[in-house]
Asker: 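Pasting in a structure now, in structure tokens, and then I'll have a few things to ask.
All figures in this text were calculated on a predicted structure; none of them were measured in a lab.
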Amino acid sequence: MPASRNGRHYDAKATPQHDAKIAADIPLKDEDRNKVPDIAQAGKHWYVCSTAPQRELRAAQSLRAIEDSPFLVYVPCEFSWRRPERGNLKLPRREIQRPAMRSYLFVGAPGGIGDEELALLRDRDAEGRNRHGLTSILGSNMRGALPMGPVGLSWLDRMADAERRGATMQAPTAPFERGDSLRIASGPLTGFPARALLIDMKAAEVVVEISLLGSTTEARYAFEHVHRAA
């Protein structure tokens, strides 16, 4: 007579438990975060510069790296949290920063921009390209670089203050409402129909009801991993 219904040599072992862990959000590193200067600093005149496409932050970093740089540099930025589109809910959200104004940055110089400062801003490499990625400085042929006026400085100071306070962090918006018919766009259930049950704006996620083999189950997805059904 066997020791058990499964046989004498059967060795039962407990099935290991696999607990799903929610990955922590990954903020920007301090060294990568946009630098916000004091716009109202005494003696600084601010100027508008344009850059090559998608070179705003790199241009600002290049100007700051000039030895004994006389410049303060500011690129107004917006911030948001984004989860990789190829991932699922196990992948963390990352903090993203992007310029609020494409192809523009603002340069502050003590006493204004003269010939020496212009030479630094216009420095070119062996191939004749601007080393900093700048394409122009707002000004005129007769008067040279033109500093920003009081209205422009007030606006720039408000932008800097809002960024320091975290007010430029963009709140996620739901592209659908409760009860909407949706379709899963990532993971093993890609293409399955679903219905929105709960919108979690803080986490930028939606709880959906999925019809699967005659039954229904609930799951949580990031906004970008669920599309409105056609």
Side-chain angles (χ1 to χ4, degrees), residues 12-36 53-58 60 74-105 155-230:
K13 290 184 174 63
T15 302
Q17 178 177 341
H18 300 282
D19 295 326
K21 295 183 178 180
I22 300 176
D25 293 340
I26 301 178
L28 284 167
K29 296 180 180 179
D30 290 340
E31 58 268 27
D32 296 333
R33 188 175 296 277
N34 188 41
K35 307 299 186 295
V36 183
Q54 299 181 356
R55 284 293 301 271
E56 304 90 351
L57 293 173
R58 283 183 290 173
Y74 179 44
V75 179
C77 281
E78 298 173 336
F79 299 82
S80 61
W81 291 95
R82 184 179 304 170
R83 199 184 305 276
E85 292 186 1
R86 295 190 303 271
N88 53 36
L89 294 181
K90 295 181 181 179
L91 293 181
R93 295 190 308 168
R94 293 180 179 272
E95 187 181 10
I96 305 297
Q97 67 180 1
R98 63 180 182 182
M101 300 176 62
R102 295 295 184 181
S103 299
Y104 284 96
L105 60 77
W155 168 83
L156 191 62
D157 191 36
R158 290 196 303 271
M159 292 286 289
D161 180 64
E163 188 168 337
R164 277 191 292 265
R165 292 185 290 104
T168 58
M169 175 65 73
Q170 295 183 331
T173 57
F176 31 74
E177 298 178 353
R178 183 178 178 181
D180 282 353
S181 296
L182 308 174
R183 194 168 295 277
I184 309 302
S186 68
L189 298 181
T190 297
F192 275 76
R195 183 171 64 89
L197 297 180
L198 175 67
I199 309 297
D200 187 345
M201 294 300 299
K202 184 176 181 180
E205 296 171 350
V206 56
V207 176
V208 299
E209 181 183 70
I210 305 172
S211 298
L212 185 65
L213 300 177
S215 62
T216 59
T217 185
E218 295 182 5
R220 179 180 286 263
Y221 285 89
F223 287 160
E224 60 266 27
H225 294 163
V226 180
H227 297 164
R228 189 186 297 274

Asker: Quick one: OG1 on Thr190 to CD1 on Ile184, what's the gap to the nearest 0.5 Å?
Answerer: 8.0 Å
Asker: Would the distance check show the side chain of Glu56 and the main-chain N or O of Ser103 forming a donor-acceptor pair, the cut-off being under 3.5 Å?
Answerer: yes
Asker: Tell me every residue that passes side-chain hydrogen bond (donor to acceptor under 3.5 Å, both in side chains) with Glu209, counting only those two or more places apart in sequence or in another chain.
Answerer: Arg195
Asker: Is any side-chain heavy atom of Val207 closer than 4.5 Å to a side-chain heavy atom of Tyr221?
Answerer: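 When only atoms from C-beta onward are counted, Tyr221 and Val207 do not touch, as no gap falls below 4.5 Å.
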Asker: Do Pro76 and Leu156 have side chains that approach each other closer than 4.5 Å (heavy atoms only, starting at C-beta)?
Answerer: yes
Asker: To the closest 0.5 Å, what do you measure between OG (Ser80) and CD (Gln170)?
Answerer: 5.5 Å
Asker: Who passes salt bridge (charged side-chain N to carboxylate O under 4.0 Å, His left out) against Arg178, sequence neighbours left out?
Answerer: none
Asker: Who pairs with Asp200 by side-chain hydrogen bond (donor to acceptor under 3.5 Å, both in side chains), at least two apart in sequence or on another chain?
Answerer: Arg220
Asker: Any heavy-atom pair between the side chains of Leu197 and Val208 that's under 4.5 Å?
Answerer: no
Asker: Using only atom types and a distance under 3.5 Å, with no angle test, would you say the side chain of Asp180 pairs donor to acceptor with the backbone of Glu177?
Answerer: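 Yes.
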Asker: Do Met169 and Trp81 come close enough that some side-chain heavy atom pair is under 4.5 Å?
Answerer: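 Yes, their side chains come closer than 4.5 Å.
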Asker: Can you find a pair of side-chain heavy atoms, one from Leu182 and one from Phe192, that are under 4.5 Å apart?
Answerer: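 Contact flag for Leu182/Phe192 side chains = no.
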Asker: Quick one: side-chain contact (heavy atoms from CB on, under 4.5 Å) partners of Leu28, sequence neighbours excluded?
Answerer: Arg33, Phe79, Glu95, Gln97
Asker: Of all residues at least two apart in sequence or in a different chain, which pass the side-chain contact (heavy atoms from CB on, under 4.5 Å) check with Arg158?
Answerer: Ser154, Trp155
Asker: Cut-off 3.5 Å, no hydrogens considered: what does the side-chain donor-acceptor table look like for residues 160-168, sequence neighbours left out?
Answerer:
unit_1: Asp161; atom_1: OD2; unit_2: Arg165; atom_2: NE; d: 3.0
unit_1: Glu163; atom_1: OE1; unit_2: Tyr74; atom_2: OH; d: 2.8
unit_1: Glu163; atom_1: OE1; unit_2: Cys77; atom_2: N; d: 3.1
unit_1: Glu163; atom_1: OE2; unit_2: Asn34; atom_2: ND2; d: 2.8
unit_1: Arg164; atom_1: NH1; unit_2: Pro37; atom_2: O; d: 3.1
unit_1: Thr168; atom_1: OG1; unit_2: Cys77; atom_2: O; d: 3.3

